[in-house]
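The block underneath contains the structure these notes are about, expressed in structure tokens.
In what follows, chains carry the letters A, B, and so on, assigned in the order in which the sequence lines appear, proteins first and then strands, with residues in each chain numbered from 1.
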Protein chains: 2
Amino acid sequence: MPQQNSTIPGLAVALRISVMRLARRLRAQRSDTSLSLTQLAALAALDRRGQMTPTELAQHEKVQPPSMTRVIAALEERGLVRRTPHPTDRRQQLVELTTDGRRLLAADRRRREAWLSLRLRELTPQERETLRQASLILDRLSQS
Amino acid sequence: MPQQNSTIPGLAVALRISVMRLARRLRAQRSDTSLSLTQLAALAALDRRGQMTPTELAQHEKVQPPSMTRVIAALEERGLVRRTPHPTDRRQQLVELTTDGRRLLAADRRRREAWLSLRLRELTPQERETLRQASLILDRLSQS
DNA sequence: CTGGGTCATTACTTTTGCTAACGATATCAG
DNA sequence: CTGATATCGTTAGCAAAAGTAATGACCCAG
């Protein structure tokens with residue numbers, strides 16, 4: 001350890017390395033459903049936040065609207081999302097998950113979580129409790 | 001919250017989301033030295049593990065050798081890495097960081113940690129202690 | 001000393017994102 | 001009410017980055 005863990009910069013170093021490494025491991029566990037990462041992310045966003053317009057989805061995923069057009073087209077072609085007209089504005093559309101989309105997303109999530117659940121089972125209950133609390137703190141860190 | 005946080009799968013869901021989100025935030029903090037993420041990752045790998053051959057580096061970063069050839073060429077052009085002949089096998093090369101490469105990497109790391117340190121300062125000492133312990137547990141999770 | 005395997009590279013293709021421009025629709029000033 | 005302006009999604013064209021196939025130099029077992 002180059003820096004002491006008891007200082008704030010020391011904690012920042014350690015936490016950054018730990019979080020980035022675990023994130024890499026988790027990412028590597030993703031099932032290759034031949035969906036690109038962006039496609040998967042769009043699907044997940046629709047699942048979490050419900051139906052959205054293409055532009056909203058693009059902003060949420062930090063992608064330009066034309067790129068999202070292609071993502072949506074690909075997802076629609078595979079029957080994972082559905083477009084419906086906007087109730088009051090005929091320029092806009094609403095994109096939402098289909099049952100198939102929800103199913104694929106659940107399967108993918110299950111596979112990624114399987115690896116992590118297995119690892120978590122090897123910990124002591126106290127260690128899991130620490131992670132539970134840490135998870136809440138990490139969320140607050142990300143939001144600020 | 002779709003799942004309870006008190007079960008192991010529930011913890012797996014929560015932890016995965018927390019870790020991935022914080023990792024995205026940390027990644028976004030990277031200084032835009034106009035190096036691609038892959039280039040930066042290769043540089044970091046050389047820093048962590050010392051000199052490597054292009055093929056080793058490609059395997060480590062999960063890209064194909066031709067892609068790594070290009071990454072190395074770009075880094076070499078900027079004077080961040082240096083190639084040296086392999087001592088016993090003339091087919092191979094060894095790639096290592098230059099002083100400039102090490103310096104750029106350190107600057108980038110500092111910038112990312114500055115953001116994190118700032119956030120950590122807003123926490124209570126108890127919360128920081130929780131994160132300290134969690135960091136060690138996360139490391140063990142990644143290694144297994 | 002030779003034939004098969006390995007390493008890095010080159011050439012080409014695919015994927016994925018961007019900007020610019022456009023048609024359809026909405027909204028606002030007057 | 002109407003002409004100007006803005007917004008939404010899309011198309012077209014381009015650039016970056018990664019992948020596959022093929023190649024030349026080199027190593028090594030027999």
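When the side-chain nitrogen and oxygen atoms of A:Thr69 are compared with OP1 and OP2 of D:dG9, none of them lie within a distance under 4.0 Å. For A:Thr38 and C:dG17, the shortest distance from a side-chain N or O to OP1 or OP2 is below 4.0 Å.
One atom, CD of B:Gln64, and another, C1' of C:dT9, lie 14 Å apart when rounded to the nearest Å. Here the C1' atom of nucleotide D:dT10 and the CD atom of A:Glu76 are 13 Å apart, to the nearest Å. When the P atom of D:dA17 is taken as reference, atom CD of B:Gln39 falls 7 Å away, rounded to whole Å. Atom pair A:Lys62:NZ and C:dT16:C1' shows a separation of 19 Å (rounding to whole Å applied). The CG atom of A:Leu57 sits 11 Å away from the P atom of D:dT10 (whole-angstrom rounding). Rounded to a whole Å, the CE atom of A:Met68 is 16 Å from the P atom of D:dT11. Rounded to whole Å, the distance from CE on A:Met52 to C1' on D:dG9 is 16 Å. Following rounding to the nearest Å, A:Glu56 (CD) and D:dT7 (P) show an atom-to-atom distance of 15 Å.
For the pair B:Ile72 and A:Leu37, both in contact range of DNA chain C, the more 5′-proximal nearest nucleotide belongs to B:Ile72.
The B:Val71 side chain lies nearest to D:dA18 when the options are C:dT9, D:dA18, C:dG17. Which of C:dT19, D:dA17, D:dG19 sits closest to the side chain of B:Ser67 comes down to D:dG19. Each of C:dT19, C:dT10, D:dA17 was ranked by its minimum atom distance to the side chain of B:Pro66; first place goes to C:dT10. Side chain of B:Arg70, nearest nucleotide from D:dG9, C:dT9, D:dA18: D:dA18. The nucleotide whose nearest atom lies closest to any side-chain atom of A:Val63 is, among C:dC18, C:dT9, D:dG9, C:dC18.
Between B:Leu97 and B:Arg102, the shortest heavy-atom distance links the atoms O-NH2, 3.8 Å.
B:Arg83 and B:Gln93 share a donor-acceptor pair across their side chains, judged by distance under 3.5 Å alone.
Here CZ of A:Arg91 is found 10.5 Å from OG1 of A:Thr53. Values are rounded to the nearest 0.5 Å. Note that CG of A:Leu94 and OG1 of A:Thr84 are 4.5 Å apart. Values are rounded to the nearest 0.5 Å. In this structure, the separation between CG on A:Asp47 and CD on A:Glu96 is 12.5 Å, given to the nearest 0.5 Å.
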**Message:** A:Glu122 vs B:Arg140, test: salt bridge (Lys or Arg N to Asp or Glu O under 4.0 Å). Steps then yes/no.
**Reply:** CA-CA 10 Å; A:Glu122 297 166 357; B:Arg140 279 170 35 219; over 6 Å; no
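A salt bridge links B:Arg103 with B:Asp100: the closest approach of a Lys/Arg side-chain nitrogen to an acidic carboxylate oxygen falls below 4.0 angstrom.
A heavy-atom distance below 4.0 Å to DNA chain D is reached by these residues of residues 78-98 of chain A, ordered by number: A:Arg83, A:Arg91, A:Gln92, A:Gln93.
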